[in-house]
Number of protein chains: 2
Amino acid sequence: MIIGHQARTTAEPGTGAPSTAELTDAEVDRLFRALADATRRDIVRRTLTSEATISELAGDYDMSFAAVQKHVTALEAAGLVVKESRGRERIVRGVPERIERIQDLLRGFEEIWRGRIGRMDALFAEDSPTTG
Amino acid sequence: MIIGHQARTTAEPGTGAPSTAELTDAEVDRLFRALADATRRDIVRRTLTSEATISELAGDYDMSFAAVQKHVTALEAAGLVVKESRGRERIVRGVPERIERIQDLLRGFEEIWRGRIGRMDALFAEDSPTTG
DNA sequence: TTGATATGCAACCAACTGGTTGTATGTTAG
DNA sequence: CTAACATACAACCAGTTGGTTGCATATCAA
């Protein structure tokens, strides 16, 4: 069906994480990979409800400060959180728009197979008049 | 907020991919990781619309048969596709329920921050009677 | 049986991940 | 200034990933 799927979307805007605009394959990769870790999912959940410093986050997981810091960096690269400097601290906040973006992506998948079902319905409709 | 987040759900049902039942952290990991690759996303898209053999899939990507085979194995382990034997061929089909499951997960995230907004609305409601 | 096709699987490899420790730098408190 | 705190970052390491090739096995076609 598709061979050059790695060059589907527009060029990379700079490996950053823009809020609007199409996502490149690499960005979608980063997005899903960032969520493929329970600690990172938990950090996202946490920072969606209330902001937290890296120290606060690090205090709640059974790993080093540096490890948590790297998780936050991965989430930031994926655009799932943003960091803001406040004095010597870094405030981490979840980015709901990014979650919605993933939902959009999956809705795309959903439409694909809904489309298949729709076609099946059409076939049934040719046989029986009231196939709901 | 949560420390023992790795032991939230029920025990693993056998590293398989059941259609119903709660997903363990490890299963969610596998699910997101499986989607963190453009080739695998493309295979899922393809097999959601129409089934395909491994050979057919392998023919469309610029990599070896074995590589595509491993991608399919990863997707199968994540429950995103199922394989069925038909003679010497293996028919690969996408599993829409699994996509829906991820949507459910993300909807959980959405509710978290919607909850925050809801609380903000409540605060505004105390000040002005017709906010929204 | 023979040959072509479709798959499965193991061994191998480079690159990446997810953790560690150590050190440097910037910021706040006395 | 000095000490404590918060962060950044580099180096290191074991395990995983994503690709390869080669070989074994099963099925289909003559």
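Chain A is the first sequence line, chain B the second, and so forth, proteins listed ahead of strands; every chain is numbered from 1. This is a predicted model, so every value here is computed, not measured. In what follows, every heavy atom counts, from backbone to side chain, and hydrogens, waters and symmetry copies are set aside.
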Atom pair distance, as rounded to whole Å: CG in B/D29 and P in D/dT16: 13 Å
Generate the contact string for nucleotides 22-30 of chain C. Rules: B means base contact, S means sugar-phosphate contact only, - means no protein heavy atom under 4.0 Å. -----BS--
How many whole angstroms separate atom CD1 of A/I91 from atom P of D/dA6? 11 Å
Nucleotide D/dT17, atom C1' - distance to CZ of A/F32 in whole Å: 18 Å
Taking A/R40 for the side chain and A/A34 for the main chain, is one N or O donor matched with an acceptor at less than 3.5 Å? yes
Report yes if a side-chain nitrogen or oxygen of B/H71 is closer than 4.0 Å to either non-bridging phosphate oxygen (OP1 or OP2) of D/dT17; otherwise report no. no
Counting the atoms with a prime plus P, OP1 and OP2 as sugar-phosphate, which does B/T73 contact under 4.0 Å by heavy atoms, base, sugar-phosphate, or nothing? nothing
So how far is it from B/H71 NE2 to B/L75 CG, rounded to the nearest 0.5 Å? 8.5 Å
B/D37 CG - D/dT16 C1' separation (whole Å): 14 Å
The residue, B/F65 or A/K70, whose nearest nucleotide of DNA chain C is more 5′ is B/F65
Could you give the distance from CZ (B/R41) to CZ (A/F109), rounded to the nearest 0.5 Å? 7.0 Å
Write down the distance between CD1 (A/I54) and P (D/dC9), rounded to a whole number of angstrom. 11 Å
Using modelled atom types only, decide if a donor and an acceptor are shared between the side chain of A/R98 and the backbone of A/A78 within a distance under 3.5 Å. yes
Closest to the side chain of A/S55, out of D/dG19, D/dA6, C/dG19, is D/dA6
One thing to verify: whether A/R46 and A/D60 come together as a salt bridge, which I'm taking to mean a side-chain N less than 4.0 angstrom from a carboxylate O. yes
A/E76 CD to D/dC9 C1', straight-line distance once rounded to whole Å: 15 Å
How many whole angstroms separate atom CD of B/Q69 from atom C1' of D/dG22? 13 Å
Rounded to the nearest Å, what distance is computed from the CG atom of residue A/L57 to the P atom of nucleotide D/dA6? 13 Å
Main-chain N/O of B/T53 paired to B/E56 side chain as donor or acceptor, under 3.5 Å: yes
Looking at B/S64, does any N or O in its side chain come under 4.0 Å of the phosphate oxygens OP1/OP2 on D/dT20? yes
Say whether, by atom type as modelled, one donor and one acceptor occur between the side chain of A/T47 and the main chain of A/G94 under 3.5 angstrom. yes
With a 4.0 Å cutoff (strictly under), does any side-chain N or O of A/R33 reach OP1 or OP2 of D/dG18? yes
Nearest-nucleotide pick for A/M63, side chain only, options being C/dT20, C/dC9, D/dC9: C/dT20
